[in-house]
Amino acid sequence: MPPSPGDLMVLRSLFRNARSADDAKSASSPAPPTGAGARTFMADPSLATISGEWLFDQAHSTIGFAARHAMVTRVRGSFTDFDGWLLLDGERPERSGAGVVVRAATVDTRVAQRDRHLCSADFLDVERYPTIDFRSTCIEQVGEDRFRMTGALTVKGRTHPITIDLLYTGLVVDAFGVERIGFDGTAVVNRSQWDLTWNAKLETGGLMVSEKIELEFDISAIRVP
């Protein structure tokens, strides 16, 4: 379903602030390099159709993660409550931007006891840090339908850069006449950077939870009129 009027007001405010910040940054940035050392990638003309403002459709999007458990298996989880926005420029992808706010307490690994532990001070400490935030700082087109997004991820009050590899999966008009755009994304991070350091040693050697966490994104976004 289309976003509500209240959602649109909040979203447009975020977009205005983001675009103003981007424009100010662009104005103060040096010109792109030229000559033999310059790296360029010409945007596909069809990507011009994706330009505009987009709001994540929570019901059809997934923000997930996976970690090795006891060295031998992979445990997957996701967050069930989040807001996200995209400000896309298909002709100049480097001018695009994105932001996500995740309600940390909505972590879901399908095991209630494990979810409570993840919400505790051992991990996300959701009482003190209720949200996980991401803001893009750089977007680069690296293939016909592939992009690389760098941004600042804040967890437990600590902010570090991450890089997300994105696949553009297409733009459609759904049965309700709403334009939708899709992206799949992946990233790998070391959780200790955000003070997510709890672990337990196994009797056979090794640790209960891997340090490396795989982040997984399956995003469906709705165009803002």
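Positions are given from 1, in the same order as the sequence printed here.
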Visitor: For the backbone of Gln58 and the side chain of Ser61, can you confirm whether one donor and one acceptor N or O come within less than 3.5 Å of each other?
Guide: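 A pair under 3.5 Å: no.
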Visitor: Could you check whether any side-chain heavy atom of Arg191 comes within less than 4.5 Å of a side-chain heavy atom of Val155, counting everything from C-beta outward?
Guide: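 The answer is no, as the side chains (C-beta and beyond) never meet within the 4.5 Å cut-off.
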Visitor: Kindly give the heavy-atom pair with the smallest separation between Ala98 and Leu86, and that separation in Å.
Guide: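 Residues Ala98 and Leu86, closest heavy atoms: CB-CD2, 3.7 Å.
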Visitor: With rounding to the nearest 0.5 Å, note down the distance linking CZ in Arg146 to CG in Asp184.
Guide: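 Nearest 0.5 Å value for the CZ-CG distance: 9.5 Å.
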Visitor: Provide the closest heavy-atom pair for Ala104 versus Tyr129 in the form atom of the first, atom of the second, distance.
Guide: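 Heavy atoms only, the tightest pair is CB-O, 4.0 Å.
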Visitor: Side-chain contact test, heavy atoms from C-beta onward, threshold under 4.5 Å: evaluate it for Cys119 versus Val107 and give yes or no.
Guide: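 Yes, their side chains come closer than 4.5 Å.
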Visitor: Is there a side-chain contact between Val102 and Ile63, using heavy atoms and a 4.5 Å cut-off?
Guide: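 Yes, their side chains come closer than 4.5 Å.
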Visitor: Could you measure the distance from the CD1 atom of Ile139 to the CE atom of Met149? Nearest 0.5 Å is fine.
Guide: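 Output value for this atom pair is 3.5 Å.
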Visitor: Do Val189 and Leu215 have side chains that approach each other closer than 4.5 Å (heavy atoms only, starting at C-beta)?
Guide: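 A side-chain contact under 4.5 Å exists here.
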Visitor: Do Glu214 and Arg74 sit within salt-bridge range, that is, some charged N less than 4.0 Å from a carboxylate O?
Guide: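 A salt bridge links Glu214 with Arg74.
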Visitor: List the residues meeting ring-ring contact (aromatic ring centres under 6.0 Å, His included) with Phe65, not counting sequence neighbours, and say none if there are none.
Guide: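 If we apply the ring-ring contact (aromatic ring centres under 6.0 Å, His included) test to Phe65, skipping adjacent residues, the hits are Phe79.
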Visitor: Look up atom CG in Leu118 and atom CG in Asp108, then write down how far apart they are to the nearest 0.5 Å.
Guide: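 CG of Asp108 is found 10.5 Å from CG of Leu118.
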Visitor: Applying side-chain hydrogen bond (donor to acceptor under 3.5 Å, both in side chains), name anything that partners Asp145, two or more places apart in sequence or on another chain.
Guide: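 Asp145 satisfies side-chain hydrogen bond (donor to acceptor under 3.5 Å, both in side chains) with no residue once adjacent residues are dropped.
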Visitor: So which of Thr49, Val172, Leu88 actually passes side chain to side chain contact (heavy atoms under 4.5 Å, CB included) with Ile181?
Guide: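 Passing option: Leu88.
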Visitor: Donor-acceptor pair, distance only, cut-off 3.5 Å: does the side chain of His160 make one with the backbone of Gln193?
Guide: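 Answer holds: yes.
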Visitor: Looking at OG1 of Thr163 and CZ of Arg148, how far apart are the two atoms once the value is rounded to the nearest 0.5 Å?
Guide: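 If I round to the nearest 0.5 Å, the distance is 7.5 Å.
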Visitor: Please answer whether the main-chain N or O of Asp195 pairs with a side-chain N or O of Lys156 as donor and acceptor at a distance below 3.5 Å.
Guide: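 At least one qualifying donor-acceptor pair exists.
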Visitor: If you group Ile, Leu, Val, Met, Phe, Trp and Tyr by side-chain heavy-atom gaps below 4.5 Å, do Ile222 and Val173 land in one group?
Guide: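 Result: no, two separate clusters.
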Visitor: Is it true that a side-chain atom of Ser136 and a backbone atom of Gly97 form a donor plus acceptor pair closer than 3.5 Å?
Guide: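 Answer holds: no.
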Visitor: Please report the interatomic distance OG1(Thr186) to CG(Leu167), rounded to the nearest 0.5 Å.
Guide: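 It comes to 9.5 Å.
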Visitor: Which atoms form the tightest heavy-atom contact between Glu216 and Ala66, and what is the distance?
Guide: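 Taking Glu216 first and Ala66 second, the nearest heavy atoms are OE2-CB, 4.3 Å.
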Visitor: Measuring only between side-chain heavy atoms, which start at C-beta, is Arg103 closer than 4.5 Å to Val101?
Guide: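 Yes. Closest side-chain heavy atoms under 4.5 Å.
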Visitor: Can you sort out the partners of Phe183 under ring-ring contact (aromatic ring centres under 6.0 Å, His included), two or more places apart, ordered by chain and number?
Guide: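 If we apply the ring-ring contact (aromatic ring centres under 6.0 Å, His included) test to Phe183, skipping adjacent residues, the hits are Tyr168.
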Visitor: Mind checking salt bridge (Lys or Arg N to Asp or Glu O under 4.0 Å) for Arg116 and listing every partner two or more places apart, or none if nothing turns up?
Guide: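 Scan of Arg116 (salt bridge (Lys or Arg N to Asp or Glu O under 4.0 Å), adjacent residues dropped) gives none.
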Visitor: I need the single residue from Leu153, Ile213, Thr154 that forms a side chain to side chain contact (heavy atoms under 4.5 Å, CB included) with Trp194. Which is it?
Guide: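 Considering Leu153, Ile213, Thr154, a side chain to side chain contact (heavy atoms under 4.5 Å, CB included) with Trp194 is found only for Leu153.
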Visitor: Can you tell me if Thr62 uses its side chain to pair, donor with acceptor, with the backbone of Gly64 under 3.5 Å?
Guide: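 Answer holds: no.
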Visitor: Which residues pass the side chain to side chain contact (heavy atoms under 4.5 Å, CB included) test with Ser51, sequence neighbours left out?
Guide: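 For Ser51 the side chain to side chain contact (heavy atoms under 4.5 Å, CB included) partners, ignoring immediate neighbours, are Asp89.
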Visitor: Has the side chain of Thr137 got a donor or acceptor atom that lies under 3.5 Å from a matching backbone atom of Thr150?
Guide: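 Looks like yes, one N/O pair under 3.5 Å.
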Visitor: Only counting residues at least two apart or in another chain, list the ones meeting ring-ring contact (aromatic ring centres under 6.0 Å, His included) with Phe82.
Guide: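 Testing Phe82 for ring-ring contact (aromatic ring centres under 6.0 Å, His included), a comparison that skips the adjacent residues, returns none.
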Visitor: Find out whether Leu171 and Arg223 are in side-chain contact, i.e. whether some heavy atom of one side chain is under 4.5 Å from a heavy atom of the other.
Guide: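 Sidechains of Arg223 and Leu171: in contact.
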Visitor: I need the minimum non-hydrogen distance between Glu144 and Gln141, along with the two atoms involved.
Guide: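 Smallest heavy-atom distance, with atoms named: O-NE2, 3.5 Å.
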Visitor: Rounded at 0.5 Å granularity, tell me how far CG in Asn190 sits from CD1 in Ile162.
Guide: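 The CD1 atom of Ile162 is 13.0 Å from CG of Asn190, to the nearest 0.5 Å.
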Visitor: Test side-chain hydrogen bond (donor to acceptor under 3.5 Å, both in side chains) on Asp115 and Thr109 and set out the steps.
Guide: CA-CA 6 Å; Asp115 295 345; Thr109 64; 2.6 Å; yes
Visitor: Measure across Thr159 and Ala152 and return the closest heavy-atom pair with its distance rounded to 0.1 Å.
Guide: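 Minimum heavy-atom contact is CG2-CB, 3.7 Å.
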Visitor: Do Glu91 and Leu47 have side chains that get closer than 4.5 Å, going by heavy atoms?
Guide: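 SC-SC contact between Glu91 and Leu47 ruled out.
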Visitor: Side chains of Leu55 and Asp57, heavy atoms from C-beta outward: is any pair under 4.5 Å?
Guide: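 Result no, sub-4.5 Å side-chain heavy-atom pair not found.
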